[in-house]
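Notes for the one structure printed next.
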Amino acid sequence: MAIFARIHIMNLKMNSHMKTRYKQLLRPVFYVAILSQLIFACQDAEWDNHYSASGSTATASLIELLRSHSEYSKFVTLLEQTGGDSILAYDQTFTVFAPTNDALADLGTGEGTMTEIVKNHVARYLYGPANLADTTYLRVKMLNGKYQELTREGSEVRFAGIQLPPDPLIATNGIIYSLKQKAQYYGNLWEILANSTGRYDSLYHYIAAFNDTTTIKSAIEVGENSRGQKLYFHNQWMKKYGAINLEDSLYTAFLPTNEGWNAAYAAISPYFRTFGSLIEDRTPTSSFNYRRSYETGTPVSDSLQDIHTRETIARDILFRRRPDFMTPAGDTLMTTSGDTYHHPAYLVEGLTAQTASNGQYYPVDHLPHHANDLFLKTIKIEAEKSAGREFLYATLTNRSAAEGNLKDSVSNMHFLEVVNTSTNNLTPPQVVFNVPNVLAAKYNIYAVFVPAQAFDTLAVGYRQPDTIVCRRDTVINRIQYHAGDEAVIKYPYYDADSTKVCFYLSYVHEQPNSSGYNMYRDEKIERDPDTGEYFITKGYEPTTFLVARNFQFPYANYSGSAFAEKDVQAVNTKICVATNLTNTDKRTMGYNMRIDYLILEPVIE
């Protein structure tokens, strides 16, 4: 460590202006562009004040010093063959991590390999223990644009996992550390995909299909257009999920092999089975009794299924940096798409991480996707949201529950109040909600209603008991009761805030109906599928109804692509909510509905 102390003493001899710049030089913040320009400008003056280990001024440049040490002869040869010798003769500052002849004993051949090796061992600016004074880890950018790790454990400093000697060689334009091993060259994640022919072809070709150019300045310049404007590399997938072609960010990736891709495709594709173009629409303008025909089993529907399947496979393979899969905060991890893995330890079971220059990756023959984590998700429709909502024979008001008695029980603290404009049983108030991004899967469907107290604190709701105690002898429902007897009421008594509702599901069916339409409305759903009870809302608390259990949608109606046009496929999956009152019901119940939300929970089999 004596040499580092002497280097520190040399720095004290600089004038105050250059000393300030030199301190900036030693800090691990070289990626700040303005500071980098300042550092370039003052290299000459800084090294005029540089002293050798013996206290005399260093007189040899980096390349001269390397040539004077026979143990680096192979590395010098590489420098000369690749033009690196002229770079190290520049009057600029470099740190050279020089592999000895023994370290290069197994060196391969080829100009590309030699260039990579040379540039993988040279960095601009000075690096050493001083950079690790306040940290134990630093990424050092090499001349090839790759990053190597400079780490400290106690007094031991390592570069690319290789221990550095305590005494570097001092040159007029930098320092040289001797390496007993050559620093391993690693491709970045994009290079690994591109250069692993026969292994990751499916994933590579999917992402490469997004390759394009733009005139908007970015990291990689690729040429000029006919107008003389500079063109830059652009990839929409990388912009959305992660720039795996760049070195300045760290990612952890699960890379499906061709086998893994095909297995994932086979598992995911059935969920995105869908329909094609609209053939005919004869839906009456004043009705929600849909009459539409759509193509099925056509190139259009097959193409949509393929697009959504491949996008789903590739969407959740990236995490930022190196996440803790075993004990993450909250036992969840988020991918770069924003999707969340729950209890993610299973993701890396039996897998070994491989190194990339911009992170790490796990080759997988079976993607560990849990459908309900990533794409088969719960669909929640807030009733107060007006997008895609239609209604008949009613006025709609979005109500706030912020001042009501049930604000903690109302989703999003808002709900939809539906007030009838007709008392005719044939024209009940009804509202239709679009159900977005349904997959060809099974769902349990629920609807949640709230009482008037959700917004009106003066509203009084109560539950009338099913039995009463007779105060005197009386006849109820043709049964004689005496005073003090408990009389059973034939029909429950509901307060005026209650109502009876029903539901209709409309979607594209597997088979057309008798009129030849495959998008139509199913029969009315008016009873709980488990209990057989009518759907009657409560006047004193929120009411949750099970509308359908294990309901299978034969086709996906999906428009959740990050890349496709949003109107590629209109929403054709709909739920209609209507009152379902008989003349008898009207004596004890009202027409008003207060809908909080609808929810479709996927059934995982």
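Computation of the quantities below employed the complete heavy-atom set of this structure, encompassing side-chain atoms and omitting hydrogens, waters and symmetry-equivalent molecules. Please read all numbers here as calculations on a predicted model, not as lab measurements.
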If we ignore hydrogens and angles and just use 3.5 Å, is the side chain of [X] paired with the main-chain N or O of [Y] as donor and acceptor?
{"X": "Ser196", "Y": "Arg199", "result": "no"}
{"X": "Thr335", "Y": "Asp316", "result": "no"}
{"X": "Asn120", "Y": "Gln184", "result": "yes"}
{"X": "Asn258", "Y": "Gly198", "result": "yes"}
{"X": "Asn358", "Y": "Asn188", "result": "no"}
{"X": "Thr82", "Y": "Thr115", "result": "no"}

Would [X] and [Y] count as a close aromatic pair, with their ring centres under 6.0 Å?
{"X": "Tyr200", "Y": "Trp261", "result": "no"}
{"X": "Trp237", "Y": "Tyr241", "result": "yes"}
{"X": "Tyr177", "Y": "Phe159", "result": "no"}
{"X": "Tyr558", "Y": "Phe272", "result": "yes"}
{"X": "His370", "Y": "Tyr346", "result": "yes"}
{"X": "Phe563", "Y": "Phe210", "result": "yes"}
{"X": "Phe319", "Y": "Phe325", "result": "yes"}
{"X": "His121", "Y": "Phe97", "result": "no"}

Taking atom types as modelled and ignoring hydrogens, do the side chains of Thr252 and Gln360 form a donor-acceptor contact shorter than 3.5 angstrom?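 Yes, side-chain donor-acceptor contact under 3.5 Å.
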
Testing the 3.5 Å rule here: is there a donor-acceptor pair between the side chains of Asn173 and Ser61?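 Their side chains do not contain a donor-acceptor pair, so the 3.5 Å distance test is not met.
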
Which is it for Gln569 and Thr274 under the side chain to side chain donor-acceptor pair (under 3.5 Å) test, yes or no, and what are the steps along the way? CA-CA 10 Å; Gln569 191 177 68; Thr274 191; 2.8 Å; yes

Heavy atoms only: give me the nearest Met142-Gln148 pair and the separation to one decimal.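 Here Met142 and Gln148 meet closest at CG-CG, 3.8 Å.
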
Minimum-distance pair of heavy atoms, taken over all atoms of Tyr127 and Ile175: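 Here Tyr127 and Ile175 meet closest at O-CD1, 3.6 Å.
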
Please report the interatomic distance CG(Asp306) to OG(Ser301), rounded to the nearest 0.5 Å.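 It is 11.5 Å, given to the nearest 0.5 Å.
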
Assign the ring pair Tyr90 / Phe94 to parallel, tilted or perpendicular, where the plane angle (0 to 90°) is split at 30° and 60°.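 It falls in the tilted class, 30° to 60°.
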
